[in-house]
Amino acid sequence: MKNPNPADPTDPTDPTDSTDPTDPAAGPEAADPADVSRLEIPYRFERSHSLAGIIAAFDSLESGVTTETTVSVAGRLMLRRDQGRIAFATLQDVTGRVQLFATALATPDFEQFTALSIGDWVGVQGVVMTTRRGELSVRVDGWVILAQAQRQFPDKWHGLTDPDIRYRQRYLDLWVTEQARSVFMRRSAILSCVRRHLDAQGFVEVETPMLHPIPGGAAARPFVTRHEALSTDFYLRIAPELYLKRLVVGGMERVYEIGRVFRNEGISTRHNPEFTMLELYQAYADHSDIMELTENLVAEVASEVCGSTTVTYGDREIDFTVPWRRLTIEQAIAECSSLQVSLDSPTAELRACCESLGIAVNTSWGSGKMLLEIYEKTAEPNLWGPVFVTDYPAEVSPLSREHRSRAGYTERFEAIVAGRELCNAFSELVDPAEQRSRFEAQAALRVGGDDEAMVVDEDYLRALEYGLPPTGGLGIGIDRLVMLLSDTHAIRDALLFPTLRPDPTL
RNA sequence: GCGCCUCUAGCUCAAUUCGGCAGAGCAACGGACUCUUAAUCCGCAGGUUCUGGGUUCGAGUCCCAGGGGGCGUACCA
């Protein structure tokens, strides 16, 4: 540490030099010895321990012990208990809280220390000790102010409850809402765990464009933006899928991307206009391989991040232990509603079924779309899971390969957990001619007014014509995974800065 | 987008069915206090009651319009 005593009286930059109230030459401006705003802010501070690190290292210290170990710590002052000639304060950093113990004898500029405000950032250096009551503390043998809180912090006990302030001023929420801190630390742990597992299996992380000349890879309304130099509109990507499969054509046999995708659709407890998607593609694999990969990945992440493959979600438990259950769409419908329907059912029967469920049937819908709607209405919200729902109709799966033994179906599956889709995956459609006709069917829907239908991507078709080997692909909504593994029920609680209407008062 | 609910001090909340002087705790500020744990005690200050209209002798409260947020719903992952 360059400057072991931040308040060293021999240090020419010591801020206390300029705040001597007895110095008549200082004039009226030097009136208040406790005015912290006059202290100089250093350019760096060398820290020896995080606060959790202090707790871990001195866990078993008995009451009333003063060690000979000097540490330096930093964080925000969150509580202060002045006691005359001594003072206690609670220092907090992202890892935890430790008490500071200051005395008029041991602490330089004691008066200024007790004038610190709640929320001020301080760096403290001193010996580790326990108080008579046994509270692990750092004695303030030296200290510097690292930043002033010029605005008042929220109530030290109640914190923030207004969701609007919590999301708009996340920088405050993170200090006063313990749960918010833990969710975001866990989110970070989940992401690094996912990457570690995929890397270990030989997957390569890649980055593909976010500005797409043609929106593709999903059915969603895109955001449009403009590149001035090229005089061209671009779309913010709604999925990286088609670029990742181009990379498999290019010989990158196992690729994944974790990144933001953008969909110009509604905001709800489960939807944010920008969200994080994991997509991966594995050459030579089919949907069964991807199912195994998915359940193993999620179970391992749960185990490492939550300590168990069984986690609590709301008032129930989710057991991610492998293998997960598998159900075809028809089986899922039958189990949840006792309706017996499939692609083989007469169209009139499917239509009647939709109408009795209150689903407004569009004339452009085929049997596949009606079957999917029936599934989404009757089964999906009632499946607790985790369960793989398989064999989606080709009509609603324009990028999936036909089922090897069931005509009209594809080798596509979704994992359903807590009544919601966690992932979407399939044996990839590799036949360029078939892909062209699926795109054209989508384009026809688009002409019919469906502005979420896909458009023909000629370059992607050209790539397929060079040859895409058998490939399995997977997309996982990372935000939803974070929600499931952190027991949060609104996506904005899993996002540091959820999309909000701009504050009209700013 | 639609429906319902909500907005009071920096923060958390009060303000008597059905309209009658806008208040408390914490924080801040001044003071006391050598082992506190949301420290305690004394004192002081703090308001465009989201905004704009209206009804009324009188509006935080009732009505209308607008704004922010929440929940549900639709699209969607």
Side-chain angles (χ1 to χ4, degrees), chain A residues 32 34-35 63-64 77-90 97-107 110 114-120 129-137 139 149-169 172-173 175-177 217-222 238-239 261-279 358-360 376 380 414-417 419-424 450-452 475-481 483 489-492 494 498 500-506:
Chain A
D32 186 357
D35 184 359
S63 299
L77 211 65
M78 294 305 278
L79 294 170
R80 219 188 49 230
R81 298 176 287 280
D82 291 349
Q83 195 81 54
R85 304 283 290 163
I86 64 170
F88 303 90
T90 299
R97 291 180 157 198
V98 160
Q99 177 167 268
L100 300 177
F101 179 75
T103 72
L105 289 177
T107 302
F110 178 76
T114 60
L116 288 170
S117 292
I118 284 180
D120 284 346
M129 53 165 283
T130 50
T131 61
R132 286 175 206 162
R133 298 259 177 110
E135 178 84 13
L136 181 62
S137 308
R139 192 177 69 199
Q150 295 181 18
R151 291 173 182 262
Q152 290 185 35
F153 257 54
D155 188 287
K156 64 187 177 187
W157 185 246
H158 298 97
L160 289 173
T161 59
D162 183 343
D164 195 27
I165 302 180
R166 289 192 52 219
Y167 304 137
R168 286 188 199 277
Q169 295 176 244
L172 264 189
D173 187 44
W175 284 102
V176 302
T177 310
R221 189 182 319 138
I238 56 176
V261 299
F262 307 86
R263 298 189 183 176
N264 203 342
E265 279 156 1
I267 295 175
S268 78
T269 52
R270 288 147 225 124
H271 300 93
N272 197 68
E274 51 179 307
F275 63 101
T276 300
M277 180 98 103
L278 160 67
E279 283 203 14
I359 299 164
E376 286 180 351
E380 189 177 278
E414 293 191 350
I416 306 300
V417 185
R420 316 238 169 267
E421 177 187 339
L422 174 64
C423 80
N424 183 22
D450 182 352
D451 58 1
E452 291 175 357
I476 292 186
I478 290 291
D479 313 281
R480 292 206 176 157
L481 181 62
M483 289 166 69
H489 298 256
I491 195 170
R492 54 176 175 264
L500 299 171
R501 209 180 287 276
D503 186 339
T505 67
L506 294 179

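These values consider heavy atoms only, across backbone and side chains, with no hydrogens, waters or symmetry-generated copies. Residue numbering restarts at 1 for every chain, and letters A, B, ... go by the order of the sequence lines. Computed from a prediction, not measured in an experiment: that's the story for all the values here.
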- Message: Just to be sure I understand: a Watson-Crick pair is purine N1 to pyrimidine N3 plus N6-O4 or O6-N4, both under 3.5 Å. Using that and G-U wobbles, which stems of three or more pairs involve RNA chain B?
- Response: B:1-7 with B:67-73, B:10-13 with B:23-26, B:29-32 with B:40-43, B:50-54 with B:62-66
- Message: Any base atoms under 4.0 Å from A/Asn272, or only sugar-phosphate, or nothing? Heavy atoms, all strands.
- Response: base
- Atom-pair distance (CH2 on A/Trp157; C1' on B/rU12), nearest Å: 13 Å
- Message: Regarding A/Glu421, tell me which of base, sugar-phosphate or nothing describes its non-hydrogen contacts under 4.0 Å with the strands shown.
- Response: sugar-phosphate
- Task: Could you check A/Thr130 against A/Gly159 and say which one's nearest nucleotide on RNA chain B is further toward the 5' end?
- Result: A/Gly159
- Under 3.5 Å: donor-acceptor pair, side chain of A/Arg480, backbone of A/Glu421: yes
- Task: Sticking with atom P, work out how far B/rU73 lies from B/rC21, rounded to a whole angstrom.
- Result: 42 Å
- Query: Atom CG of A/Leu79 to atom P of B/rA28: distance rounded to whole Å?
  - Reply: 10 Å
- Message: For a quick check of understanding: with a heavy-atom distance under 4.0 Å over all strands, which category does A/Thr269 fall into, base, sugar-phosphate or nothing?
- Response: sugar-phosphate
- For residues A/Glu414 and A/Glu380, determine if any side-chain heavy atom of one lies less than 4.5 Å from a side-chain heavy atom of the other. yes
- Have a look at A/Arg270 and say if it touches a base, only the backbone sugar-phosphate, or nothing, with a 4.0 Å heavy-atom cut-off. base
- Query: What heavy-atom pair brings A/Ser268 and A/Ile491 nearest, and what distance separates the two atoms?
  - Reply: O-CG2, 3.8 Å
- Message: Rounded to whole Å, how long is the line connecting atom CZ of A/Arg80 with atom C1' of B/rC29?
- Response: 12 Å
- Item | B/rU6 versus B/rA74 - spacing of their C1' atoms, nearest Å | 22 Å
- Note on the structure: Closest heavy-atom pair, A/Phe262 versus A/Ile238, reported as atoms and distance to 0.1 Å, is O-CG2, 3.2 Å
- Which nucleotide in the set B/rU37, B/rC35, B/rC75 lies at the smallest distance from any side-chain heavy atom of A/Glu135? B/rU37
- Query: NA contact type, A/Asp155, heavy-atom cut-off 4.0 Å: base, sugar-phosphate, or nothing?
  - Reply: base
- Query: B/rU8 P sits how many Å from A/Asp164 CG, rounded?
  - Reply: 11 Å
- Length of the CD1-C1' vector between A/Ile86 and B/rU37, whole Å: 12 Å
- Query: Which heavy-atom pair separates A/Pro502 from A/Arg168 by the least distance, and what is that distance?
  - Reply: C-NH1, 3.9 Å
- Task: Could you tell me whether A/Gly266 contacts a base, only the sugar-phosphate backbone, or nothing, with contacts defined as non-hydrogen atoms closer than 4.0 Å?
- Result: base
- Task: Grab the CG-P distance between A/Leu77 and B/rA38 for me, whole Å please.
- Result: 15 Å
- Query: Does A/Arg85 put a side-chain nitrogen or oxygen below 4.0 Å from OP1 or OP2 of B/rU34?
  - Reply: no
- Message: Could you check whether the side chain of A/Gln83 and the base of B/rA39 have a donor-acceptor pair of N or O atoms closer than 3.5 Å, going by distance alone?
- Response: yes
- Starting at atom NE2 of A/His158, determine the distance to atom P of B/rU12, rounded to an integer number of angstrom. 10 Å
- Counting any heavy atom closer than 4.0 Å, what does A/Arg263 reach on the DNA or RNA strands: base, sugar-phosphate only, or nothing? base
- Looking only at atom P, what distance separates B/rC35 and B/rC29, rounded to whole Å? 24 Å
- In terms of heavy-atom contacts, A/Thr131 and A/Ser137 come closest through CG2-OG, 3.6 Å
- Task: Could you tell me which non-hydrogen atom of A/Glu274 sits nearest to which non-hydrogen atom of A/Asn272, and how far apart they are?
- Result: O-ND2, 2.9 Å
- Message: Regarding A/Gly119, tell me which of base, sugar-phosphate or nothing describes its non-hydrogen contacts under 4.0 Å with the strands shown.
- Response: nothing
- Message: Measuring only the C1' atom in each nucleotide, how far is B/rG72 from B/rA28? A whole number of Å is fine.
- Response: 41 Å
- Task: Have a look at A/Ile165 and say if it touches a base, only the backbone sugar-phosphate, or nothing, with a 4.0 Å heavy-atom cut-off.
- Result: sugar-phosphate
- Rounding to a whole Å, what distance do you find between A/Arg166:CZ and B/rU6:P? 22 Å
- Base, sugar-phosphate alone, or nothing: which one does A/Arg139 contact when heavy atoms must sit under 4.0 Å apart? nothing
- Query: Any donor and acceptor pair, going by atom type alone, linking the side chain of A/Asn264 with main-chain N or O of A/Arg221 inside 3.5 Å?
  - Reply: no
- Item | Toward the 5' end of RNA chain B, by each residue's nearest nucleotide, A/Thr103 or A/Ala490 | A/Thr103
- Message: Once you apply a heavy-atom cut-off of 4.0 Å, does A/Thr161 come out as touching a base, just sugar-phosphate, or nothing?
- Response: sugar-phosphate
- Task: Between B/rC29, B/rA27, B/rU37, spot the one nearest the side chain of A/Ser117, thanks.
- Result: B/rC29
- Item | B/rA39 OP1/OP2 closer than 4.0 Å to side-chain N/O of A/Lys156 | yes
- Say whether, by atom type as modelled, one donor and one acceptor occur between the side chain of A/Arg80 and the main chain of A/Thr114 under 3.5 angstrom. yes
- Would you check if A/Phe275 stacks with the base of B/rA77, given a 5.5 Å centroid limit and a 30° plane limit, both strict? yes
- Message: Are A/Lys156 and A/Met78 packed together at the side-chain level, in the sense that at least one heavy-atom pair is separated by less than 4.5 angstrom?
- Response: no
- With rounding to whole Å, what would you report as the distance between B/rC4 and B/rC63 at their P atoms? 13 Å
- Message: Taking B/rU8 as the reference, what is the distance to B/rU40 when you measure between their P atoms (whole Å, please)?
- Response: 26 Å
- Task: Determine the contact category for A/Asp162: base if any of its heavy atoms lies under 4.0 Å from a base atom, sugar-phosphate if only primed atoms, P, OP1 or OP2 are that close, otherwise nothing.
- Result: sugar-phosphate
- Message: Roughly how many Å apart are B/rC57 and B/rG47, using the C1' atom of each and rounding to a whole number?
- Response: 25 Å
- Message: Distance check, C1' atoms only: B/rU16 and B/rG60, in whole angstrom units.
- Response: 15 Å
- Message: Using modelled atom types and a 3.5 Å cut-off, is there a donor and acceptor pairing between side-chain atoms of A/Thr103 and backbone atoms of A/Ala106?
- Response: yes
- Task: Indicate, with a heavy-atom threshold strictly under 4.0 Å, whether A/Gln99 touches base, sugar-phosphate, or nothing.
- Result: base
- Is A/Arg97 touching bases, backbone alone, or none of the nucleic acid, heavy atoms closer than 4.0 Å? nothing
- Message: Is there a side-chain contact between A/Arg501 and the phosphate of B/rG68, meaning an N or O under 4.0 Å from OP1 or OP2?
- Response: yes
